[in-house]
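Positions are given from 1 along the sequence. This one's a predicted model, so the numbers in the text were calculated from it and none came from an experiment.
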Amino acid sequence: MEGLIKGLLDVALGNDHNNQDDDDRQSRDERSRSSWAEVVSGDQDASDHRNPHSQNQRKEEEWQSEQGSTISNRPHNYKKEEAEPWQDSSNRHSPRPQKEQYRPQQQDYESESFNTSDRPNKSDNNDGWQTVGKPSRQTHKVPKDNWNSYKRPADEQQYSNDVEVGARVEPSQDELADLSRACEKLWDLDLNRLVPGKDYEIDCGEGKKVYQKQDMAQGSLFTWVSDDVFRKPTYARFLSLLDNYNPHQGSKEVVTSEEKQEQASFIEEISRTAPIKYLHKFLVSKGITSGSLQDFKRLLTSLWFDLYSRCGTSGSSSAFEHVFVGEIKQSSEVSGFHNWLQFYLEEVKGNIDYQGYIFPRRRGSIADSETQLLTIQFEWNGVLKSVSSTLVGVSPEFEIALYTLCFFVGQEDNHIQIGPYAVNIKCYRLGNQIGSVFPIADS
């Protein structure tokens, strides 16, 4: 009789716990749900660029009255010179591990507040972030052989030789008259684009609708990336720039002289590649820049690296930071972040929890390991990006050339064809600057 009574009590208590778990899960889902308007825009911060003044004011008010946050108040700390805590191994990464169950510890964050006034301290061992999501399967360091040298003065820099492509970088009349043809030419000129299965491998997991919150990926997006990728000059110089930013939107950036040299070194390096040479010729033909290579480099530097106001704080953002690095809005949303190299590095660090790809609008098109245009869902440092699109395996010079071209000669919507992909390059402007630019798969 005592055993029967005890069993009945256990069952009753167990049911109560299950109900509580369901309530907690539903609460978490409601807090992270994005509106459909954000989904169809392809970028959750699209409305910021349409009416930045009212949006900034509203976000400032929300920020002041906010009682809690889904992000830790730990400062942003990246390191570039110290070795990452991964062990050396072969070029191919270790097999996919079983995925850990991930649940945001929101109850721990709600009592905390941000402190983004401090400049990142790159010597901290944990980068100032809480590790989330799946355990890293990487077993070796990302090669950083030359990163320190990119900080040196201009006269101590060593660059690659100019790519010899001859007349191929001269835009034709058809390309000058048709943006899609010009973008197709850029795709053909991307000599540094990677080959799926040879240079890297991805596992897209299962597809999902954007409103579905369950994690549909058993592991990380990237299975492995070859070491040789990180030794490509334009890739290495691009990667060296990624830790120069505080991702909290509205936090004023401080750019050091060494970081300015890194920017100049990157622009100089990509200017020797075919896509950027073609871009220069194209913009000269359109009267947008002069034939002077130095003027052209200054134009690229200003467009991508000049700081501007976002979220009401001057000098808090730039096109490069928003598009390639990503920012965390004061409303606890990930904004921007459309670059696959940044995604890979953050996934290696354990800062990203990949949660599956978003079903494409075109029926019968399913993402696989060969796909190079992906729409995905993930959490970055515990903050949800419900929908984000990226071109996987393309070179940094290709993305700079593609987005710059669309900014100067395109519109907000730029329906183009690149390789096998029909793409809409969404381009939002903030005055004379790039507010955001990213690809969306056309239906």
Side-chain angles (χ1 to χ4, degrees), residues 34-35 37-60 62-63 116 179 183 241-242 244-253 255 263 267 279 283 288 298-339 342-343 375 380 383 385-391 396 399-416 423-440:
S34 299
S35 71
E38 293 170 334
V39 170
V40 296
S41 72
D43 201 16
Q44 296 178 6
D45 62 331
S47 60
D48 292 355
H49 312 301
R50 302 182 187 275
N51 191 357
H53 297 295
S54 61
Q55 184 73 7
N56 289 340
Q57 181 178 0
R58 182 175 63 83
K59 293 299 181 185
E60 285 292 319
E62 290 178 358
W63 182 240
T116 58
L179 177 61
C183 293
L241 296 167
L242 297 178
N244 290 346
Y245 298 94
N246 187 323
H248 292 301
Q249 197 174 93
S251 179
K252 191 175 181 66
E253 297 288 349
V255 183
Q263 297 170 4
I267 295 297
L279 173 68
L283 296 184
I288 295 171
R298 282 192 286 269
L299 175 69
L300 288 182
T301 302
S302 175
L303 179 66
W304 286 100
F305 295 108
D306 277 4
L307 297 175
Y308 53 72
S309 174
R310 197 188 293 269
C311 244
T313 303
S314 63
S316 62
S317 186
S318 68
F320 186 91
E321 177 183 9
H322 181 87
V323 174
F324 297 123
V325 181
E327 298 178 286
I328 296 175
K329 298 168 70 173
Q330 294 174 348
S331 57
S332 300
E333 296 171 296
V334 175
S335 177
F337 201 135
H338 298 286
N339 179 256
Q342 166 72 344
F343 189 98
T375 303
W380 183 35
V383 184
K385 178 80 171 180
S386 62
V387 57
S388 182
S389 50
T390 185
L391 290 162
E399 287 198 276
I400 291 288
L402 176 67
Y403 296 152
T404 301
L405 189 64
C406 289
F407 174 78
F408 279 116
V409 302
Q411 306 296 324
E412 181 176 309
D413 290 286
N414 303 283
H415 299 277
I416 63 172
V423 186
N424 179 15
I425 302 297
K426 297 287 290 188
C427 186
Y428 295 104
R429 289 168 168 80
L430 284 178
N432 294 323
Q433 298 290 337
I434 295 175
S436 186
V437 57
F438 51 92
I440 300 177

Report summary line: Rounded to the nearest 0.5 Å, the CG atom of Leu391 sits from the CG atom of Leu402 at a distance of 7.0 Å
Query raised in the report: Just how far is it from atom CZ of Phe324 to atom CG of Leu241, taken to the nearest 0.5 Å?
Result: 10.5 Å
Report task. Taking the side chain as every heavy atom from C-beta outward, state whether Thr404 and Leu299 have any pair of such atoms under 4.5 Å apart. Result -> no
Report summary line: Residues passing the ring pair (Phe, Tyr, Trp, His ring centres under 6.0 Å) test with Tyr403, sequence neighbours excluded, are none
Report summary line: With sequence neighbours left out, the residues meeting side chain to side chain donor-acceptor pair (under 3.5 Å) with Ser317 are Arg310, Glu327
Query raised in the report: Would you say Lys385's side chain and Gly336's backbone share a donor-acceptor pair under 3.5 angstrom?
Result: yes
Report summary line: Heavy-atom closest pair (Ser335 atom, His322 atom, distance to 0.1 Å) is OG-CE1, 2.8 Å
**Report entry** Intermediate values then yes/no, side chain to side chain contact (heavy atoms under 4.5 Å, CB included), Ile425 and Val437
**Finding:** CA-CA 7 Å; Ile425 302 297; Val437 57; 3.7 Å; yes
Requested in this report: Starting at OG1 of Thr390, measure out to CZ of Phe438 and round the result to the nearest 0.5 Å.
Outcome: 12.0 Å
Query - Minimal non-hydrogen separation, Gln249 against Cys311, with atom names - result: OE1-SG, 3.4 Å
Query - Residue pair Lys252, Ser314: steps toward the side chain to side chain contact (heavy atoms under 4.5 Å, CB included) verdict - result: CA-CA 7 Å; Lys252 191 175 181 66; Ser314 63; 3.6 Å; yes
Query raised in the report: Within a strict 4.5 Å, meaning less than it, do heavy atoms of the Val325 and Pro247 side chains meet?
Result: no
Report task. For residues Val387 and Thr375, determine if any side-chain heavy atom of one lies less than 4.5 Å from a side-chain heavy atom of the other. Result -> yes
Query raised in the report: Is the shortest heavy-atom distance from the side chain of Leu303 to the side chain of Phe408 under 4.5 Å?
Result: yes
Report task. Compare all side-chain heavy atoms of Thr313 with those of Ser251 and state whether any distance is below 4.5 angstrom. Result -> no
Query - All salt bridge (Lys or Arg N to Asp or Glu O under 4.0 Å) counterparts of Asp306, not counting sequence neighbours - result: none
Report task. Go through the steps to decide whether Glu399 and Val323 satisfy the test side chain to side chain contact (heavy atoms under 4.5 Å, CB included), and finish with yes or no. Result -> CA-CA 10 Å; Glu399 287 198 276; Val323 174; over 6 Å; no
**Report entry** Close side-chain approach of Asn244 and Gln263, heavy atoms under 4.5 Å
**Finding:** no
Report task. Quick one: closest heavy-atom pair of Ser318 and Tyr308, and the distance? Result -> C-OH, 3.6 Å
Requested in this report: Working to the nearest 0.5 Å, report the span between NE2 of His338 and OG of Ser388.
Outcome: 5.0 Å
**Report entry** Asn424 (side chain) donor-acceptor with Asn414 (main chain) under 3.5 angstrom
**Finding:** yes
Requested in this report: Could you grab the distance from atom CD of Gln411 to atom NZ of Lys426, nearest 0.5 Å is fine?
Outcome: 11.5 Å
Report task. Kindly indicate whether the side chain of Ile267, heavy atoms from C-beta on, has any atom under 4.5 Å from the side chain of Phe305. Result -> yes
Requested in this report: List the atom of Cys406, the atom of Leu179, and the distance in Å for their closest heavy-atom pair.
Outcome: SG-CD2, 4.3 Å
Report summary line: SG of Cys183 to NE2 of His415, rounded to nearest 0.5 Å, is 12.5 Å
